[in-house]
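Accompanying notes for the structure given below.
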Amino acid sequence: MTKKSKGGKEDKKAIETKSKSVSGKSQKQKKPVEKEVEKEVKEEEELIQESGTDSDYDGDSLSGSLNSDDFNSDIFESEDDVTQGGTEEEDGGDGESSQDELLVHEGSIDNEDGDDGSEQIDSDNNEEEDGSDEGSDRDEAVEESDSSEDEVAPRNTVGDVPLKWYEDEKHIGYDITGKKITKKERQDKLDSFLASMDDSKNWRKIIDDYNDEEVELTKEESKMVRRLLKGKAPHADFDPYADYVDWFKWTDAIHPLSSAPEPKRRFIPSIWEAKKVVKLVRGIRMGLIKVAKPEEEPEEGPVPYLLWEPASTSDQKNKNLTYIPPPKLKLPGHEESYNPSLEYIPTEEEKASYELMFEEDRPKLIPTRFTSLRSIPAYGNALKESFERCLDLYLCPRIRKKRINIDPESLKPKLPSRKDLRPYPNSCYLEYKGHTGAVTSISTDSSGQWIASGSTDGSVRIWEVETGRCLKVWQFDEAIKFVAWNPLSSLPVLAIAMGRDLFFLNTELGNDEEQEVIKEMFHSGNIPEPEASVAAIVTWLQDELYGGIKIRHFKNISSIDWHRKGDYLSTVMASGETRGVVLHQLSKKKTQRLPFKIRGLPVCTLFHPSLSYIFVATRKDVRVYNLLKTGLATKKLETGMREISSMAIHPGGDNLIVGSKEGKMCWFDMDLSSKPYKTLKNHPKDITNVAVHRSYPLFASCSEDSTAYVFHGKVYNDLNQNPLIVPLEILRGHSIKGGVLDCKFHPRQPWLFTAGADSIIKLYCH
Amino acid sequence: MDVDGEDVSRRLHVKFVTKLDSPFKVPVNSVAIPSNVTRLGLSSIVNSIIQSDNPEWKTEPFDFLIDGELIRMSLEEFLLAKGISAERTLEIEYIRAVTPRKEEEPSLHNDWVSAVNGSSPRFILTGCYDGLGRVWSSAGSCSHILEGHSGAISSVAVVNSKDAETVTVATASKDRTLRLFKFDADESVDSSTRVTAYKILRGHKASVQSVSAQKSGDMVCSSSWDCTINLWNTNQSTSEGESVPVKKRKGNNQADESQSEGEAVTTLVGHTQCVSSVVWPEHDVIYSASWDHSVRRWDVETGKDSLNLFCGKALNTVDVGGEGSALIAAGGSDPILRVWDPRKPGTSAPIFQFSSHSSWISACKWHRSSWYHLLSASYDGKIMLWDLRTAWPLSIIETHNDKVLSADWWKGENVISGGADSNLRISSGIAIS
């Protein structure tokens, strides 16, 4: 019934929708449908519509119609059926009958409009299936030729108009000749009811309102409708699960699939397109279609640009990667005039000074005065400059060098500011003068009140730190190699190494009781017989000169180190090889060799600040030995340096600093690795000594380049945190010659003592 | 050009006022002076005004104060800096310039002069590195030699000088002892008399750095490298428990039978490093400075420290004085002389910092009567006189050619100093009103 309402619309459109709707019915079943089957469906459907459940179903069919394309054949089929159905009529069946009529009508129109190509094919089909009656009927319909219209003789031609318009008329429309088609007389309800009671086939009858006739569905058609309702394929013979027949020949075909010649229509311009174009052109001419005007193309020619535009800002140039902006030339000034004013003319002295300047620094142009333009000589450098220009062009690289543009500051590790790491020694306020030779070694006493120094002039001096006063002088014959103050405050004894001798001197600084202890120790006289193992190495003697003890070694002493308890002292003889390290016990006046073999030439030794370990530095490595166990080294620290010169240990005992003769300093975190945690390359010359502060997080190195470096070296209790090393200060002040030979921290203040080869000891305070 | 310049330099109307007595007074009239004059210009103006009244007047340097601040730049700049209007008549107070006018003959010692004390107007007491204390009645005349120490004397103090006949002094030495001497200050000075100690105070375990006497003279306190401050009785009697009768120590005091030994009455413990300086300005308050970077105030009664100022530098010297005898001045291992006001609540920052020296400060002393003046001595060989009212030194005394180890005021208008050039030098004629 909805279809009927559409009947009045434009022909073409109606055809489309119709065809779609029909095919939609078939598609709704989701099965490929053969045409005969479809006919059945159609009829059965109509039957159902008639029996009252029609409206919903019809709506569905409409909605489904959108997908289909060309099943015009169905339309004709149904139309045929209608004609077959004879003249049975029913009063209530107006809508249905008219619908079919419409279908027929549309189909005919479609045929009229249809393109030539499809017609031909369709006619072929027609010939093939020209067997059965029904088939022929259908084929005629499928043919969509004009003839189909002729066959159905009395035909309503009102078109797709609401049938309501003809409700009150006596005719239902007009036939093709223009004559009125009169309405047939309808049976009244009672008659029709009786007829339906009588006629068992009555349920198959449908009234076509459009053509005003009664259509009877055949058995096959009603069956098909039933099957469709069940969702099966409309044709009983259809096998939905038939074996797939692969029609394609998979053997390689040399020739194209079809030998048919290229159709003509591929070569001739499309009429429809031409029509469309004509329509558009007409529209444009009449002003119905507005066309955007094409942009006017810029005129060809030189593009203006800013002459004085700064080179860096021009986008055009920057886009071109190879473009290198030329250096900006200085604008010519008065001095470049041929006759500049007098103030531009350099004086004779200035000209002479130009001669002394470097070639590059010399001014390019020396202003000179000429009275007239005529008197200006030829440019003297013209040839030279053009030659150089040629050379530049010839030698200049043609590729752009890519420079990594990184701010060098950003590559530096982020270190805390020096201000936050105060206090540290930075300025020298006190000097200790008195030595006449290079001061080779210094040592502070445990309280920090005194400092002892030894010099190549053979003197050992004790200074008052506070005032710089020399308190005591001991004069020896040999150059002093090493001085070391006993770490015990109650035993103010100084150990002095020179040549092959080691002296213990009484500084006479302690109180009376302490002095008595020391004197007793020094003058008890009975020096026990040395053990056989060390007899060849050392001899203990009584020193007559200053009332101390003298220990004569078999080789020159290079370094000494007190044990923290102040009783033991280790002596290193660099050339002593395996016997190069011995331990002296002051209280018992005994000497013993280390209970293990030293590999390599020892340089210096160091006692662990809290445990019974000893660090022995050979030229390249540092080995850690347990003094309580004999045997192998517990640890070997690989410095990677050519020659170790000095060592210092952090008071915590886990961090060792090693200075080398190539100016490098290594920080070993012994918990971390046997490799250096940090290697600092600061000094251009040999590091002579390194020192670590006892309480402040400071360490220092001094070198033959006459500087001392002070570092912040913070060791954290947290094992996860690595020590923080920050260079703080370069302490200069000693004369260049000879450098700084020793540095020691004040035991309690953040001060550094440096001993220079210029015979001065300096105190750097915070 | 000159005419222009006169136009440019504005004229100020000033009134010179003074608290000085008659010969220094000028008529209280408003004077118009150019605004670009400095202290020297003002001084010459005042001198010429006085001279116009008094023809015998000898030129005298003056210092000028506006609103209690010393002028140390041109008047115009000063007014600009202080935001003082130049429209009204300025009142400029003048005082006699604090600068030594005369240099006395140096008094040569055998060794470095490590300590000087001028608290008694009758004599100067010095301590020397040769272990001898000396008493000088005037420049070059040594009246007494105080002998007995086996080490260098580090500090001297006058214990009791009110007594007309005998004077008691204390010396501290690096031989870990203190000695108390008594002598007659008014003795003839033809040849120096040798005096031996009447009492030896033993107890320190390391060098004694400083000694100071209580005002009453009953006690002295001493500080030492053993981080302690000891308090001692000075009386000769051995009746009290802590004073032990003479032990015949062989070696040092065989000779004098009258020598007694004393032990410390109290020990003030708290400093962690060498206590380098100690002063005892009031009856029961002791101030001390230490190398552990702190200045402490000790309550003698309880033996506890009631104030602890942290400085950041090792301190060598401390003195208390100034306004209400409450300001603490201290110097040490850097060239800055710091002054604290402990009465100022909530802060331990110094209120003044004087930094004209170029090396460690070895001594600082407040003037005994002035609220503003103090001196400082430094290892750079200079003694500087300071006024709290200006940041520049009033005058710099550069008579020593080596480190100055100690300095003090003497008789209110002299500065005495001893240094590493083994001389005691007296700069006299300093006018502090």
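Throughout, protein chains are lettered first and strands after them, A, B, ... in sequence-line order, and every chain is numbered starting at 1. Worth knowing before you read on, the calculation uses all heavy atoms, side chains too, and leaves out hydrogens, waters and symmetry mates.
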B:Lys205, NZ atom: more than 12 neighbouring heavy atoms under 6.0 Å: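 Count not over threshold, so no.
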At a 4.5 Å cut-off on heavy atoms, which part of [X] comes close to chain A: side chain, backbone, both, or neither?
X	value
B:Ser358	backbone
B:His293	side chain
B:Lys403	side chain
B:Asn316	side chain
B:Ser362	neither
B:Asp111	side chain

Below 4.5 Å, heavy atoms only, C-beta onward: do [X] and [Y] meet side chain to side chain?
X	Y	answer
A:Val726	A:Pro416	yes
A:Glu466	B:Trp225	yes
A:Phe745	A:Leu698	yes
A:Tyr429	B:Ser333	no
A:Val460	A:Val483	yes

Heavy-atom pair count under 4.5 Å with chain A, highest-scoring of B:Cys227, B:Ser207, B:Ala152: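 So the answer, after comparing B:Cys227, B:Ser207, B:Ala152, is B:Ser207.
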For chain A, the option from B:Ala420, B:Pro335, B:Cys274 that forms the most heavy-atom pairs under 4.5 Å: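 Among the listed options, the one with the most contacts to chain A is B:Pro335.
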So what's closer than 4.5 Å to chain B heavy atoms on [X]: side chain, backbone, both or neither?
X	answer
A:Glu514	neither
A:Leu763	side chain
A:Arg469	both

Ionic contact status for A:Asp457 with A:Arg461, cut-off 4.0 Å: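 The answer is no: the pair does not qualify as a salt bridge.
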Pairs of heavy atoms under 4.5 Å with chain B: top-ranked of A:Gln749, A:Arg748, A:Gln449: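 The candidate making the most pairs under 4.5 Å is A:Gln449.
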Mutual orientation of the aromatic rings belonging to A:Trp463 and A:Tyr432 [parallel < 30°, tilted 30-60°, perpendicular > 60°]: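 Ring orientation of A:Trp463 relative to A:Tyr432: perpendicular.
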